[in-house]
Amino acid sequence: MSVKEATKAVPAPVHATPEPPRPAKGHRAWDEAPRWQIYLPLGIYLVFTLIPFYWILLFSLRPAGSTSLVPWPMTFDHFEKVWTDRSFGTYFTNSVLVGVATLLMTTLVALAGGYALARFDFKVKRAFMLALLCSQFVPGALLLVPLFEIFAELQMINSLGSVILAETVFQLPLSMILISNFIKNVPYSLEEAAWVDGCNRMTAFRIVVLPLLRPGLIAVGSFAFVHSWNHFLFALMFLNNQDKQTIPVGLNSLMSADSVDLGALAAGGIIAAVPVVIVFAFIQKWLITGFSAGAVKG
């Protein structure tokens, strides 16, 4: 065979299709759009969100009778007035007690009920879940009269326990459904492996499942705390003495039919809002991951 024939016998090299150019590191699709199209709507939304907060801060810090749009000279007389003269120190303490107690009771009971819904099957399970969902459509105002009668028979009127119990009952259905969904996301094989190692059901739940539920429990507990902190109706109906009232009722007492002390009302609003903002600032990362709590690939 000649060299020419041998050359023809060799197949021509197959050229691979060139790969498309890869995007630069850190490049994203939305980077191609002008940044102002992203930041302008966000800035407008931020302005409309912060203006009410600035307005409240302005009224709480500027002197009475001032019309300045800048809180200068700054005064804390309104805070001192509502904290001492209007008993907001007592209201604040009562609200903390109600909020923390509601958080603990709701989380513990919902954790037990959510585990039962997630891990056990029983005949009326679907009907029970439907009843939990339907209970969310019942406004609390419709149950004020029967609740008042029940607490009166139990001699719990004018007691913080009545508000804590009512808040817990109204928070339980949604909290139980949420926690049951969190537990369902935890592979059942993890508990079975713990049983094989000699753990009973309670120990396996405490060692294996409970640590994975921490973000979900924080999310559920924070919702229960904020709802009880801001709820006005139960505290108004079940608490009579001033030394038993909570912050929402205290804010309502600052408004009368003849006049409204805007400075004191704004200062009371700041006192009511700041603790909740601080709490959410510390637990925001848990709230973001709360709805994916227990999402473990087994």
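What you see is a predicted model; the values in this text were computed from it and never measured.
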Requested in this report: Could you pull out the closest heavy-atom pair between A204 and A194, with the gap in Å?
Outcome: CB-CB, 3.7 Å

Query raised in the report: Are F88 and F92 close enough, and set up right, to give a ring-ring contact (aromatic ring centres under 6.0 Å, His included), and what steps lead you there?
Result: CA-CA 6 Å; F88 256 69; F92 186 88; 9.3 Å; no

Report task. Could you check D77 against K81 for salt bridge (charged side-chain N to carboxylate O under 4.0 Å, His left out), going step by step and ending with a plain yes or no? Result -> CA-CA 6 Å; D77 293 341; K81 177 180 179 180; over 6 Å; no

Main chain of [Y], side chain of [X]: is a donor-acceptor contact present, judged purely on distance under 3.5 Å?
| X | Y | answer |
| --- | --- | --- |
| N158 | L239 | no |
| T93 | G89 | yes |
| S135 | L132 | yes |

Query raised in the report: Is the CD atom of E192 crowded by more than 12 outside heavy atoms at less than 6.0 Å?
Result: yes

Pairwise side-chain contact, [X] with [Y], heavy-atom cut-off 4.5 Å (strictly under):
| X | Y | answer |
| --- | --- | --- |
| V96 | W229 | yes |
| E167 | H227 | yes |
| I179 | V220 | yes |

Query - Near-ring test W195/Y188, centroid separation under 6.0 angstrom - result: yes

Requested in this report: Determine the interplanar angle of the F234 and F238 rings, folded into 0 to 90°, and report it as parallel if under 30°, tilted if 30 to 60°, perpendicular if over 60°.
Outcome: parallel

